[in-house]
Amino acid sequence: MVEAFAALDDALVRWLATQRKRVDDLAPARTQALQDLDPHWNPPWPLTWHRAYHVARRHHTAGHHLTDVPRDYITEDGHRLGEWLHNQRLHPERLHPTQQQLLADLDLIQITEPSPEKRKPAARKPEQGLAAARAFHHREGHLDVPQRHVEVLDGEPVRLGQWISNARRRKERLPADRVRALDALNMHW
């Protein structure tokens, strides 16, 4: 029976990975159904982080205080939970705001609002999107950016997936130099 559940679990993991790869082609109803099941089914952060978060959440739900977990603690199924928790507490400012909220909900970190003088304006310059595209292309070797991907530039999140999607839809209205810059990154229009 356990083997049957493991096979089902593997099949579900593969199916969900396929849905993530095809997110731009999914029917709106399917996307909404997945969103209703788990608002973080296709997170803009690495899936390895998300898996480790679920291990931490299960540990927390079992009644353990995550701040008391020793750094060298390894779960029975081999997850290095102590090390992961330590790293999350060390630099929470490097995380996506939603990741920060997820960890705060587990009482692992506290979210503090930046002082008003340190807040940056919400408006994004087109150069930031292009800089984020260049950074992503340099790291990944392509511009097949997931719709919900967030690229962090100078500590600030840039919604690169949305920016690329908007650029594709608005190609005819984009400045010629931006089109050339994206073409140089092998943009698939």
Side-chain angles (χ1 to χ4, degrees), residues 13-26 31 34-35 38-57 71 78-104 108-109 111 114 118-171 173-189:
V13 167
R14 285 192 306 274
W15 179 83
L16 193 53
T18 301
Q19 302 312 296
R20 287 184 185 113
K21 287 178 186 172
R22 298 179 179 167
V23 68
D24 292 333
D25 300 325
L26 294 178
T31 302
L34 288 164
Q35 192 74 18
D38 179 2
H40 310 295
W41 73 275
N42 188 25
W45 51 82
L47 291 176
T48 53
W49 186 95
H50 205 61
R51 288 184 195 110
Y53 161 76
H54 281 288
V55 171
R57 190 179 76 173
R71 187 171 177 181
H79 293 282
R80 296 176 45 149
L81 182 60
E83 185 68 26
W84 186 84
L85 292 170
H86 171 77
N87 289 332
Q88 304 316 298
R89 286 191 303 265
L90 195 59
H91 295 291
E93 73 281 357
R94 295 180 182 171
L95 299 172
H96 186 278
T98 304
Q99 288 174 293
Q100 292 176 4
Q101 187 59 57
L102 290 169
L103 294 178
L108 184 63
I109 65 169
I111 298 176
K118 290 187 178 181
R119 286 191 189 130
K120 300 214 174 163
R124 297 278 181 231
K125 297 177 184 170
E127 298 81 37
Q128 286 178 305
L130 192 52
R134 285 183 177 123
F136 183 91
H137 185 270
H138 178 74
R139 184 180 65 252
E140 303 293 332
H142 61 79
L143 271 187
D144 298 327
V145 182
Q147 173 73 21
R148 298 180 60 200
H149 177 75
V150 175
E151 191 75 15
V152 178
L153 284 181
D154 300 325
E156 290 294 316
V158 177
R159 295 174 55 192
L160 180 59
Q162 186 65 49
W163 189 86
I164 292 285
S165 178
N166 289 342
R168 285 183 177 128
R169 280 197 323 275
R170 301 173 183 154
K171 181 183 179 188
R173 297 187 307 256
L174 291 178
D177 60 331
R178 193 168 319 143
V179 172
R180 282 192 300 275
L182 288 169
D183 282 340
L185 298 174
N186 298 318
M187 171 81 148
H188 297 291
W189 297 99

Rounded to the nearest 0.5 Å, what separates atom [atom1] in [X] from atom [atom2] in [Y]?
X      : Y      : atom1 : atom2 : value
Leu90  : His86  : CG    : NE2   : 4.5 Å
Glu83  : Asn87  : CD    : CG    : 5.0 Å
Trp41  : Thr31  : CH2   : OG1   : 5.5 Å
Gln88  : Gln100 : CD    : CD    : 10.5 Å
Leu160 : Gln147 : CG    : CD    : 10.5 Å
Gln162 : His149 : CD    : NE2   : 13.0 Å

Is there a side-chain contact between [X] and [Y], using heavy atoms and a 4.5 Å cut-off?
X      : Y      : result
Val152 : Arg94  : no
Val179 : Lys171 : yes
Leu16  : Arg20  : yes
Leu185 : Phe136 : no
Met187 : His137 : no
His40  : Trp45  : yes

Is it the case that over 12 heavy atoms from other parts of the model lie below 6.0 angstrom from the [atom1] atom of [X]?
X      : atom1 : result
Arg80  : CZ    : no
Arg139 : CZ    : yes
Arg89  : CZ    : yes
Lys21  : NZ    : no

Check your understanding: Between His91 and Glu93, do the side chains contain an N or O donor and an N or O acceptor separated by less than 3.5 Å?
Key -> yes
Check your understanding: Would you say the side chains of Arg14 and Thr18 form a donor-acceptor pair under 3.5 Å?
Key -> no
State, to 0.1 Å, how close [X] and [Y] come at their nearest heavy-atom pair, and which atoms those are.
X      : Y      : answer
Ala132 : Leu153 : N-CD1, 3.4 Å
Gln128 : Val158 : O-CG1, 4.1 Å
Ala133 : Leu143 : O-CD2, 3.6 Å

Practice item. Evaluate the criterion side chain to side chain contact (heavy atoms under 4.5 Å, CB included) for residue pair Glu151 and Trp163; output intermediate values, then yes/no. Key: CA-CA 11 Å; Glu151 191 75 15; Trp163 189 86; over 6 Å; no
Exercise for review: Give the intermediate values and the outcome of side chain to side chain contact (heavy atoms under 4.5 Å, CB included) for residues Asn186 and His142.
Suggested key: CA-CA 7 Å; Asn186 298 318; His142 61 79; over 6 Å; no
**Study point:** Residue pair Leu102, Leu95: steps toward the side chain to side chain contact (heavy atoms under 4.5 Å, CB included) verdict
**Key:** CA-CA 10 Å; Leu102 290 169; Leu95 299 172; over 6 Å; no
Study note, to complete from the structure: Contacts of Trp84 meeting ring-ring contact (aromatic ring centres under 6.0 Å, His included) (sequence neighbours excluded), chain-then-number -> Trp49
Review point. His96 side chain to Thr98 main-chain N or O, any donor-acceptor pair under 3.5 Å?
Key: yes
Practice item. Show the numbers, then the answer: is there a side chain to side chain contact (heavy atoms under 4.5 Å, CB included) between Asn42 and Gln19? Key: CA-CA 9 Å; Asn42 188 25; Gln19 302 312 296; over 6 Å; no
